[in-house]
Amino acid sequence: MLCTTKYSFLIGLAIVCLCASISIAEAESNANSPIDPQKLIREVVSTELKADKTDNSHWMFREQDIEPGKNVVQECVQTRQGQICRVLARDGHPLSAEERDQEKRRVDALVHNPAEEKKRQRQRHEDDQRADDMLNMLPAGFLYQYDGQEGKLVRLKFHPNPTFNPPSREGAVFHGMAGIMLLDPQAKRLVELKGSLIRTVDFGWGLLGHLDKGGTFNLRRQNVGGDHWENTLLDVHIRGKALFFKTINTQQHQVDEDFKRVPDGLTLAQGASMLEAPNLQARAQATQH
């Protein structure tokens, strides 16, 4: 991966919470800064939410996803029926001829399996909703301090707002973080969010599990063309324990790059055809030039 009514409510809550809990030191620091951090955060969230509703463009891109026991490079195409990807390499090695045939059969099966695609769309919708919830937390859930600039970007420090009550388990994890944000003050977009867990996060008073202090999260975004912004880096390193002492090992490094716009009305089948070997080879050669 972001409803106007919910957003308006959260903005109102943000104003109340921030006025009640911001420290004197932060107030003095922000009063002397060239920008109002809280105002900028609200503008960025508003822009991101609006773009999520109005930007219906589709893109083709290359993705590398590294997790424990997994290192996959794949080419992906966004379509009006959802996203479809084809694996190009595993563990640093291109697929063999046999593996390419297996991958083609897997992609073909997805195209011709509406039930599976419906399930995938539901999962993507749930992921998008969780991302929306995290974004909506930014104005009210954290306190901000101007921390200078990096080129044309504004750097803000952030830490949890102690008066804010996270609405979900995911929100509780997010709310346990402190770090820095880079924002584009002209485009009003989030460029980078880099944080670490500053406390152990317990679920059910620790009975259901916990995430250990010190875990890190890094998200980067950029304008990939036509004022369309995409996540280009997701790096997560969090550990903990779940119910029955099951180890939580959230380790993920995902890089998305080489974005090219595709027709907005693509079907899943048309997207799959763009992932055929000759098309990918031509795209790779064009990228090299």
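Along the sequence shown, the residues carry numbers beginning at 1. Just so you know, these numbers use all the heavy atoms, side chains as well, and skip hydrogens, waters and symmetry mates.
The aromatic rings of Phe142 and Phe158 stand perpendicular to each other, their planes meeting at an angle above 60°, with 30° marking the opposite boundary.
No hydrogens or angles considered: a donor-acceptor pair under 3.5 Å links the side chains of Glu230 and Gln78. Side-chain contact, Thr216 with His237: no donor N or O sits under 3.5 Å from an acceptor N or O. Using a 3.5 Å distance cut-off with no hydrogens or angles, the side chains of Glu63 and Gln254 do pair a donor with an acceptor. A side-chain N or O of His228 and one of Asp55 form a donor-acceptor pair less than 3.5 Å apart. Between the side chains of Gln64 and Asn71, at least one donor N or O sits under 3.5 Å from an acceptor N or O.
Residues Val107 and Val87 do not share a hydrophobic cluster, defined by chaining ILVMFWY side chains whose heavy atoms lie under 4.5 Å apart. Taking hydrophobic clusters as Ile, Leu, Val, Met, Phe, Trp and Tyr residues chained together by side-chain heavy-atom distances below 4.5 Å, Met177 shares a cluster with Leu234. Hydrophobic clustering (side-chain heavy atoms under 4.5 Å, transitive across Ile, Leu, Val, Met, Phe, Trp, Tyr) groups Ile84 together with Val262. Connection of Leu193 to Trp229 is not established within any shared hydrophobic cluster, with ILVMFWY side chains joined at heavy-atom distances below 4.5 Å, either directly or through further cluster members. There is a path of hydrophobic side-chain contacts, each under 4.5 Å, that joins Leu40 to Met181.
Shown are Arg86, Glu98, Gln74; of these, the side-chain contact (heavy atoms from CB on, under 4.5 Å) with Glu103 is made only by Arg86.
Not one N or O on the side chain of Ser46 forms a donor-acceptor pair closer than 3.5 Å with the backbone of Glu43. Of the possible polar contacts, none joining the Asp235 side chain to the Asn218 backbone as a donor-acceptor pair under 3.5 Å is found.
No side-chain heavy atom of Leu266 sits under 4.5 Å from any side-chain heavy atom of Asp264. Side chains of Phe61 and Thr232 form no contact here, defined as non-hydrogen atoms less than 4.5 Å apart. No side-chain heavy atom of Gln222 sits under 4.5 Å from any side-chain heavy atom of Val191. Between Leu156 and Asp147 there is no side-chain heavy-atom pair separated by less than 4.5 Å. Side chains of Leu95 and Leu88 form no contact here, defined as non-hydrogen atoms less than 4.5 Å apart. Side-chain atoms of Met274 and Met60, non-hydrogen and from C-beta on, do get closer than 4.5 Å to each other.
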* Could you go step by step and tell me if Lys70 and Asp65 meet the salt bridge (Lys or Arg N to Asp or Glu O under 4.0 Å) rule? -> CA-CA 7 Å; Lys70 174 184 176 182; Asp65 189 10; 3.2 Å; yes
* To do: Dump the intermediate steps for side-chain contact (heavy atoms from CB on, under 4.5 Å) on Arg261 and Ser57, then the final yes or no.
  => CA-CA 7 Å; Arg261 187 166 182 177; Ser57 61; 3.4 Å; yes
* Would you check, one step at a time, whether the test side-chain contact (heavy atoms from CB on, under 4.5 Å) holds for Arg106 with Asp108? => CA-CA 5 Å; Arg106 183 192 68 82; Asp108 290 342; over 6 Å; no
* To do: Begin from the C-alpha positions of Tyr146 and Val154 and carry the test side-chain contact (heavy atoms from CB on, under 4.5 Å) through to its verdict.
  => CA-CA 8 Å; Tyr146 178 75; Val154 171; 3.9 Å; yes
* **Glu48 vs Arg221, salt bridge (Lys or Arg N to Asp or Glu O under 4.0 Å): CA-CA, chis, key distance, verdict** => CA-CA 11 Å; Glu48 296 285 359; Arg221 293 169 53 76; 3.1 Å; yes
* Test side-chain contact (heavy atoms from CB on, under 4.5 Å) on Leu49 and Leu135 and set out the steps. => CA-CA 8 Å; Leu49 290 169; Leu135 184 63; 3.9 Å; yes
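The line from OH of Tyr144 to CZ of Arg42 is 10.5 Å long, rounded to the nearest 0.5 Å. Between Asp256 atom CG and Trp59 atom CH2 the span is 13.5 Å, to the nearest 0.5 Å. Summarising the geometry, atom NZ belonging to Lys157 is positioned 8.5 Å from atom CZ belonging to Arg155; distances are rounded to the nearest 0.5 Å. Taking CD of Gln81 as the reference point, atom CG of Leu110 lies at 12.0 Å (rounded to 0.5 Å). Put simply, CZ on Arg62 and CD on Glu257 are 7.0 Å apart, with the number rounded to the nearest 0.5 Å. Taking CG of Leu219 as the start and CD of Glu192 as the end, the distance is 8.0 Å to the nearest 0.5 Å.
Under a cut-off of 6.0 angstrom, the local environment of NZ in Lys188 is crowded, with over 12 non-hydrogen atoms contributed by other residues, nucleotides or ligands.
Salt bridge absent: Asp212 and Arg239 never bring a charged side-chain N and a carboxylate O closer than 4.0 Å. Salt bridge absent: Arg105 and Asp101 never bring a charged side-chain N and a carboxylate O closer than 4.0 Å. Salt bridge status for Arg189 with Asp184: absent, with no side-chain N to carboxylate O gap under 4.0 Å. Using a 4.0 Å cut-off between a side-chain N of Lys or Arg and a carboxylate O of Asp or Glu, Glu75 and Lys260 do not qualify as a salt bridge.
The two residues Lys213 and Leu197 make their nearest non-hydrogen contact at CG-O, 3.6 Å. When every heavy atom of Arg90 is checked against every heavy atom of Val72, the shortest pair comes out as CG-CG2, 4.1 Å. A pairwise comparison of heavy atoms in Gln251 and Ile238 identifies NE2-O, 3.5 Å as the closest pair. The nearest pair of heavy atoms linking Thr47 to Ala187 is CG2-O, 3.8 Å. Across all their heavy atoms, Glu99 and Pro94 have their closest contact at OE1-O, 4.4 Å. In plain terms, the two heavy atoms of Leu233 and His253 that are nearest each other are CD1-CE1, 3.6 Å.
Checked against the 6.0 Å centroid threshold, His175 and Phe164 count as a close aromatic pair.
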